[in-house]
Asks: 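A single structure is presented below for examination.
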There are 2 protein chains.
Amino acid sequence: MRAVRDALDLLGGKWKLPIIVGLVHGPKRFKQLQREVAGITAKMLSKELKELEVNGLVTRYVQADAAPVAVTYALAEHGTTLYPVIEALQGWGQQHRRFIMHAPAVALAEPVLVA
Amino acid sequence: MRAVRDALDLLGGKWKLPIIVGLVHGPKRFKQLQREVAGITAKMLSKELKELEVNGLVTRYVQADAAPVAVTYALAEHGTTLYPVIEALQGWGQQHRRFIMHAPAVALAEPVLVA
DNA sequence: CCGTATCCTCATCGATACTG
DNA sequence: CAGTATCGATGAGGATACGG
């Protein structure tokens, strides 16, 4: 249980996993990544990337000699261990979507009395 | 990606998954469940259970004729489809814990320069 | 026992403007 | 391009008291 909480603390929030997913198909520059993760602001992307980096999930590469500076982000090796988690969540999300189709919310809210 | 977001919206937050886990070993009464999920207040437990119920993950059984009223919560069948998700998160949480041991945060924060 | 009502605090997130 | 600074809104979550 503690492990589940740990995972949720690290991956919870609105953006962590979308960012990871955005990096799955290879390294990306900051702006590129911001376009990939629809709706995220630069502030959020920066903050979230910093946290992911500290936790060893993402690596930040700086090409300092260029002007303007070029920064690239990539999934660290430890970041790739998230694949099963992402697949599980994605699979369940789809499954749940199908479930919702066939089970109207009204029926779910009705009280179940027991003798 | 949309599916991952859906899953996170439903299972995100501090308590949803801990509650589900608390119900894995069989149905529980409200108070019983509150003891199981360490630290949760009655307000939160009530609110979260309501949401889980609306989404078809948990079923609420009311034994009305007793005094005081007895209410039991159980994982709905659709709730059991979360097992793979929980296992994935739990497995990753443990793996990450081991990873942290061997990779001090200091090393992770250092800039990586590229030619 | 099983909650709800009320009040409150704080983290999260967004918008906008600005810098190296 | 790759961010940071500042301000502000919102909502999750907690404390406490009370009701059926």
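Predicted model only: the values in this text are computed from it and were never measured. Residue numbers start from 1 in every chain, and the chains themselves are labelled A, B, ... in the order their sequence lines are given, proteins ahead of strands.
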Asks: Using both pair distances under 3.5 Å as the test, note the stems of at least 3 consecutive Watson-Crick or G-U pairs that include DNA chain D.
Replies: C:3-20 with D:1-18

Asks: Would you mind writing out the side-chain donor-acceptor pairs for residues 89-96 of chain A within the sub-3.5 Å range, not counting sequence neighbours?
Replies:
residue: A:Trp92; atom: NE1; partner: B:Thr81; partner atom: OG1; Å: 2.9

Asks: At under 4.0 Å between heavy atoms, how does the protein contact nucleotides 15-20 of chain D? Give one character per nucleotide, 5' to 3', with B, S or -.
Replies: B-----

Asks: Provide the start and end nucleotides, 5' to 3', of the part of DNA chain C that has atoms under 4.0 Å from heavy atoms of chain B.
Replies: C:dC1 to C:dC7

Asks: Got a sec, which residues hit side-chain hydrogen bond (donor to acceptor under 3.5 Å, both in side chains) with B:Arg60, two or more places apart in sequence or on another chain?
Replies: B:Tyr73

Asks: Listed by chain and number, what are the side chain to side chain contact (heavy atoms under 4.5 Å, CB included) partners of A:Lys47, not counting sequence neighbours?
Replies: A:Met44, A:Glu51

Asks: Can you list, pair by pair, the side-chain donor-acceptor contacts under 3.5 Å of residues 6-13 of chain A, counting residues two or more places apart and other chains?
Replies:
residue: A:Asp6; atom: OD2; partner: B:Arg97; partner atom: NE; Å: 3.1
residue: A:Asp6; atom: OD2; partner: B:Arg97; partner atom: NH2; Å: 2.9

Asks: Could you list who else is in A:Tyr61's hydrophobic cluster, with ILVMFWY side chains joined at under 4.5 Å, directly or through other members?
Replies: B:Val112, B:Val114

Asks: Scan for side chain to side chain donor-acceptor pair (under 3.5 Å) pairs involving residues 22-44 of chain B, sequence neighbours excluded, and state none if there are none.
Replies: none

Asks: Contacts to DNA chain C from residues 8-20 of chain A, heavy-atom cutoff under 4.0 Å, which residues?
Replies: A:Gly13, A:Lys14, A:Trp15

Asks: Under the rule for side chain to side chain contact (heavy atoms under 4.5 Å, CB included), what residues qualify as partners of A:Pro84, not counting sequence neighbours?
Replies: none

Asks: Sequence neighbours excluded, which residues qualify as side chain to side chain contact (heavy atoms under 4.5 Å, CB included) partners of B:Val37?
Replies: B:Trp15, B:Pro18, B:Ile19, B:Leu33, B:Ile40

